[in-house]
Chemist: 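Pasting a structure here, questions to come.
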Amino acid sequence: MSKKQFTPSKYPKTSIEGSVTWKAPSNIALVKYWGKKPVQLPANTSISFTLDACATTTTLYYKPLEKRSKEFEFKVMFEGERKKSFEPKIKKFFENVDGYFLFLKEYEFTIETSNSFPHSSGIASSASGMSALSLCLMSMEKELQPDMTDDFFRRKASFIARLGSGSACRSIEGPMMLWGENEDIKGSTPEYAINYPHKLDDVFKTFQDTILLVDKGEKEVSSTVGHDLMHYHPFAKKRFKQAEKNIAALKSILKKGDLKGFIRLVESEALTLHAMMMTSLPYFILMKPNTLSIINKIWEFRAATKLHLCFTLDAGANVHLLYPENEKEQVLEFIKSELVQYCENQHYICDQVGKGAVKL
Ligand code: DP6
């Protein structure tokens, strides 16, 4: 159904020239997406906080070609320099979304992109990057088709971003996005992410995420390989069911501002994600000794202070510390005195829940 609604037949306008810039944030999943079906459809529903400071800014320059080309004509500039190593990924993305835009082979593109976070920080830029680029393409399409509604624009932007990188579809709006079909959530779909439609207690609207950079290296195992290992995984079916249950359980936690319930669920999700990696074939461990030291310190801190600090993890060693804004002072003090020692070059990034992508 979505495929059809997102396939244009003809644009009222032709031949435009110019540029458009979007800044799109990263996001951090609370219930994790791990495992997918063709084409880039999630094996289970996931839910995420949209971030604010960690973002990618992309400018798309477009100029009509004299005649339709057989290939995609584009180059990628990253932080001021041509970045040929990014181009195969963008080519693949263009191939994936070509059916949903009529103009990709009719223009010459320059894609200029930069991240707010350091390149080698171990923070994946695929979510923010693919989301920013998808929004740029959508702005172009809106120029060609001016009667497009904002609602359609956002839904299709998320749909297109998903085809670039699954988690990117959750980087369009904020503060919380849901992607996947969950029977308790009306309007939820595996095709694109929606803004979380149920009540969110105020405490979650300003939640803090401090990212401890434990290992700034390139990912040892790409998410694509990791997702694939869920196909033959002995615990996959149970895991996918558990994720749907967790999505349903979050509903009352988020509504009531139940921080204890939130902590239990979020930490369990993070450890389950890593448990899936450890029990796949081939198996792998992406946590580092410092990741575990941090987790233990968090548990000690929580027991001693009764504050609501918890952690989550992505497919890597870095630790996301999640906590309410009114506990910020004590938590930052704790990070500085106890946790920075476990970070590479003492690096960490302070972020918080954000409102979504913006056109600049
Ligand atoms: C562990 O979205 O990076 O961060 O769809 O293959 O691009 P692809 O994977 P990706 O996977 C993210 C996995 C995760 C969990 C999550 O963000 O939900």
Side-chain angles (χ1 to χ4, degrees), residues 24-51 54 56 86 88-90 92-93 95-97 121-134 158-172 174 176-180 182 188 190-193 196 209 211 215 218-231 233 236 239-240 242-244 246-247 250 265-278 280 284-287 291 311-320 322 351:
S26 187
N27 69 75
I28 181 69
L30 305 171
V31 173
K32 308 288 179 182
Y33 149 57
W34 198 245
K36 60 177 156 180
K37 314 174 234 186
V39 177
Q40 203 91 303
L41 291 166
N44 63 262
T45 308
S46 60
I47 193 163
S48 54
F49 274 143
T50 303
L51 296 182
C54 290
T56 299
F86 283 7
K89 199 169 173 189
I90 303 293
K92 179 106 208 297
F93 170 63
E95 281 162 8
N96 288 348
V97 303
S121 57
I123 298 187
S125 57
S126 63
S128 51
M130 285 300 175
S131 156
L133 180 56
S134 302
S158 175
F159 173 88
I160 295 294
R162 184 201 101 217
L163 295 170
S165 174
S167 57
C169 75
R170 300 187 312 234
S171 275
I172 306 290
M176 182 167 270
M177 299 293 281
L178 179 122
W179 171 40
N182 181 280
S188 63
E191 303 276 2
Y192 51 85
Y196 182 66
D209 179 4
I211 308 160
D215 182 9
E218 286 278 309
K219 279 194 190 175
E220 283 166 43
V221 183
S222 76
S223 320
T224 311
V225 171
H227 285 291
D228 270 356
L229 293 174
M230 288 302 276
H231 286 306
H233 198 293
R239 157 62 195 154
F240 301 146
Q242 177 204 37
E244 301 306 336
N246 281 343
I247 295 278
L250 259 180
L265 191 146
V266 167
E267 291 190 346
S268 156
E269 272 289 322
L271 295 177
T272 301
L273 169 71
H274 283 255
M276 289 297 119
M277 301 174 192
M278 289 188 227
S280 61
F284 52 98
I285 302 182
L286 294 184
M287 286 188 270
T291 312
F311 70 87
T312 188
L313 308 165
D314 264 346
N318 295 337
V319 183
H320 288 249
L322 301 175
D351 208 339

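For the numbers below, each heavy atom of this structure counts, side chains included, while hydrogens, waters and symmetry mates do not. First listed ligand is number 1; within each ligand, the first listed atom is number 1.
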Chemist: Please write down residue, atom name and distance for the protein heavy atom closest to atom 3 (O) of ligand 1.
Modeler: S223 OG, 3.1 Å

Chemist: Less than 3.5 Å between some nitrogen or oxygen of G166 and one of ligand 1, yes or no?
Modeler: yes

Chemist: Which one of T50, L250, L30 satisfies the side chain to side chain contact (heavy atoms under 4.5 Å, CB included) criterion with M176?
Modeler: L30

Chemist: Classify the contact between S167 and ligand 1 as side chain, backbone, both or neither, using a heavy-atom distance cut-off of under 4.0 Å.
Modeler: both

Chemist: Look up atom CD in E269 and atom CG in L313, then write down how far apart they are to the nearest 0.5 Å.
Modeler: 11.5 Å

Chemist: Roughly how far apart are I160 CD1 and R162 CZ, rounded to 0.5 Å?
Modeler: 9.0 Å

Chemist: Could you check atom 14 (C) of ligand 1 against the protein and tell me its nearest heavy-atom contact, residue, atom and distance included?
Modeler: Y33 O, 3.9 Å

Chemist: Need the ligand 1 atom indices (1-based, order shown) with element for anything under 4.0 Å from a heavy-atom of A29.
Modeler: 16 (C), 17 (O), 18 (O)

Chemist: How far is atom 11 (O) of ligand 1 from its nearest protein heavy atom, and which residue and atom name does that atom have?
Modeler: H227 NE2, 3.0 Å

Chemist: Using side-chain contact (heavy atoms from CB on, under 4.5 Å), reason through I28 and I211 one step at a time and then give a plain yes or no.
Modeler: CA-CA 10 Å; I28 181 69; I211 308 160; over 6 Å; no

Chemist: Identify, for atom 6 (O) of ligand 1, the protein heavy atom at the shortest distance, and state residue, atom and that distance.
Modeler: K36 NZ, 2.7 Å

Chemist: Numbering the atoms of ligand 1 from 1, which are under 4.0 Å from a heavy atom of Q40?
Modeler: 5 (O)

Chemist: Please state which option from S48, A315, S26, A243 has its nearest heavy atom closest to atom 1 (C) of ligand 1.
Modeler: A315

Chemist: Determine yes or no for a side-chain-to-main-chain donor-acceptor pair under 3.5 angstrom, with D351 supplying the side chain and D209 the backbone.
Modeler: no

Chemist: Are the side chain of S167 and the backbone of A127 linked by a donor-acceptor contact shorter than 3.5 Å?
Modeler: no

Chemist: Would you mind reporting whether N27 and M177 have side-chain heavy atoms less than 4.5 Å apart?
Modeler: no

Chemist: Below the 3.5 angstrom mark, is there an N/O of S46, backbone or side chain, next to an N/O of ligand 1?
Modeler: no

Chemist: Tell me: protein heavy atom nearest atom 7 (O) of ligand 1, and distance?
Modeler: S165 OG, 2.6 Å

Chemist: Any atom of ligand 1 sitting under 4.0 Å from a heavy atom of R170?
Modeler: yes

Chemist: Rounded to the nearest 0.5 Å, what separates atom CZ in R170 from atom CG in L178?
Modeler: 9.5 Å

Chemist: Distance to 0.1 Å, residue and atom name: give those for the protein heavy atom nearest to atom 4 (O) of ligand 1.
Modeler: D314 OD1, 3.3 Å

Chemist: Taking the six-membered ring for Trp, are W179 and Y33 parallel (under 30°), tilted (30 to 60°) or perpendicular (over 60°)?
Modeler: perpendicular

